[in-house]
Amino acid sequence: MHDPKVFPSQAPAIPFAVPDTAGAPTESDPMARKVVITGLGATTPIGGDVPTMWKNALKGVSGAHTLEDDWVAKYELPVHFAARATTPALDVLSRVEAKRMDPSTQFAVVAAREAWADSGITEIDHDRLAVAFATGIGGVWTLLDAWDTLREKGPRRVLPMTVPMLMPNGPAAAVSLDLGARAGAHTPVSACASGTEAVHVGLDLIRAGKADVVVCGGAEAAIHPMPIAAFASMQALSRRNDDPEHASRPYDRDRDGFVMGEGAGALVLEAEEHALARGARIYAELAGTSVTADAYHITAPDPEGLGATRALKAAMFDGRIQPEDIVHVNAHATSTPVGDKPEYAALKAALGKHVDSVAVSATKSQMGHLLGASGAVEAVLTVMAIYDRKAPVTINLENQDPEIPLDVVTTARDLPAGSIAALSNSFGFGGHNAVIAVRSV
Amino acid sequence: MASNEEILAGLAEIVNEETGLATEAVEMDKSFTEDLDIDSISMMTIVVNAEEKFGVRIPDEEVKNLKTVGDAVGFIANAQA
């Protein structure tokens, strides 16, 4: 096997040490449109809407609880807890509309409707409105329910809506249908980086002039015995069954895996001129984004965080942001023993000495890991941090891993006045790295 | 074996469950597509649920002939007979 870091045919000509601009445009485009964020939505294990989630994120609560479902004992699952969304989708959607949606799509529509209402957009050219809505796994409940039905009752009983409900583009399609978005409905899929990649796609669509407004986000509903068994089988999940509230503990010496979460996050991205023309409330600028791939291992992160470093640098370059402008990072920080450390290496490499003066929040400590939705929810939190100038709380950090000497926010902290910027990282199985950079307006 | 009234009431419940339409709106002379705005996917769901509820088999090629609620009630009554 060749050294995964070097492509033999290219090695003599192209040294592996890529320039800082890797993944970013090499020339600044003076005509590039500025993109702002004008609407936010979320349904999560720490709140069914953005105001509730944000209040809790600053307070520091745990959304993880013991699962009461009979399937936990029935299948003798090694993990007995997860972080469920606080608000059932049926509290927001009608029974009939929910019936035609997988739970992941239900969450997507709930979050997208909140973000849309929050944007205050009343009139829109629907041909210039796009959707970029991600999921990590897609309609796993629908898929496995249909398989059970087929085996128990035969093919006649498999519901006719099964295919549109299980397809991974279900959330994007449902949001497009709900809002009348006709400039394309995209579904970036990159495991736990999906939600962040959706924001990246949204920025590109507006910059490229393919849309003026994009509703982007991510949704996941995978608290089902099969994914729990599968993630547990690869030793990715915390087994702290006797103490679920303290199980998700990023950067803590005693972290032992992530906690499954569910929900959705959504953002309304808008070309600045479009937002200004209608006098919109602007939360922040989506200054830059980037996506890179490790090409190192299917699940393990590059131990030196090289792919993540390139993504961080490229997002900052894309947003014309210097390391000293960054005051806050919403870290990927899932609480797995192997995952948290390379992210620190990447932050250190990308931010240099400024890494010590950045307020780092690991919000998965509160709400668990929302997989394909996590990047979208964390994008919402990052925008709120810039807008409200407060960094949210990392809970359960009792003994900080000495190998990760980040300035971790454990009680809500004020961010400085003036022009500030923040980053949000997401990494996914497959070696996907996605970063967004948000700047105050 | 159910009476036509019982079949209509049962069918109305199935339609309500699938579409949210009030059970009173499901009348014998109503067209599934024209009057009740039921699309083909909902129609198939209704058919499969009706098969289970009334213990009959409604072949796929027969579904296109069930234009009104009355057609469906008649088919089910015949199939049960």
Side-chain angles (χ1 to χ4, degrees), chain A residues 88-110 113 138-182 185, chain B residues 2 7-27 30-69 71-73 75-76 78-80:
Chain A
L90 275 169
D91 286 8
V92 181
L93 306 176
S94 77
R95 179 180 58 82
V96 171
E97 60 187 356
K99 231 177 116 73
R100 287 189 156 207
M101 297 176 189
D102 179 81
S104 58
T105 296
Q106 294 173 8
F107 285 140
V109 171
V110 168
R113 280 187 188 168
V140 66
W141 273 100
T142 298
L143 176 70
L144 296 174
D145 281 353
W147 176 231
D148 287 345
T149 302
L150 173 64
R151 288 192 298 180
E152 289 161 18
K153 299 179 179 171
R156 186 73 176 164
R157 297 292 299 161
V158 173
L159 288 173
M161 276 300 286
T162 301
V163 171
M165 285 170 68
L166 69 80
M167 62 193 192
N169 55 315
V175 171
S176 156
L177 196 61
D178 199 50
L179 301 177
R182 297 195 291 251
Chain B
I7 294 170
L8 176 63
L11 205 52
E13 278 173 27
I14 291 170
V15 171
N16 167 265
E17 175 69 21
E18 174 64 16
T19 66
L21 276 172
T23 51
E24 309 86 72
V26 184
E27 297 172 308
K30 291 283 164 66
S31 153
F32 285 110
T33 52
E34 304 296 318
D35 300 319
L36 303 182
D37 201 25
I38 288 169
D39 65 20
S40 60
I41 284 188
S42 281
M43 190 64 194
M44 283 313 299
T45 308
I46 290 164
V47 164
V48 170
N49 287 334
E51 285 184 340
E52 179 151 296
K53 187 166 198 145
F54 300 110
V56 298
R57 179 90 171 85
I58 307 174
D60 288 350
E61 58 274 18
E62 197 59 48
V63 174
K64 65 177 185 301
N65 299 326
L66 306 180
K67 295 197 189 318
T68 66
V69 173
D71 294 341
V73 171
F75 185 91
I76 292 165
N78 275 336
Q80 283 186 330

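These numbers come from the heavy atoms of this one structure, side chains and all, not from hydrogens, waters or symmetry mates. Every chain is numbered from 1, with letters handed out A, B, ... down the list of sequences. The structure presented is a predicted model; accordingly, all values stated were derived computationally and were not measured.
- Within the 4.5 Å cutoff, the side chain of B/M43 has no heavy atoms near those of the A/P160 side chain.
- The number of heavy atoms from other shown groups lying within 6.0 Å of CG (B/D37) does not exceed 12.
- The CZ atom of A/R100 sits 4.0 Å away from the CG atom of B/D39 when rounded to the nearest 0.5 Å.
- A/R156 places no side-chain N or O within donor-acceptor distance of the main-chain N or O of B/V48, the cut-off being under 3.5 Å.
- One finds a salt bridge joining B/E17 and A/R95 here, because a Lys/Arg side-chain nitrogen approaches an Asp/Glu carboxylate oxygen to under 4.0 Å.
- For a residue to count as touching a neighbouring chain, one of its non-hydrogen atoms must lie under 4.5 Å from one of that chain's; by this rule B/T19 touches chain A with the backbone only.
- Heavy-atom distances place no part of B/S40 under 4.5 Å from chain A, backbone and side chain included.
- Across all non-hydrogen atoms, the minimal contact from A/V96 to B/N16 is CG2-O, 4.5 Å.
- Residue B/E18 touches chain A through both its backbone and its side chain, counting heavy-atom pairs closer than 4.5 Å.
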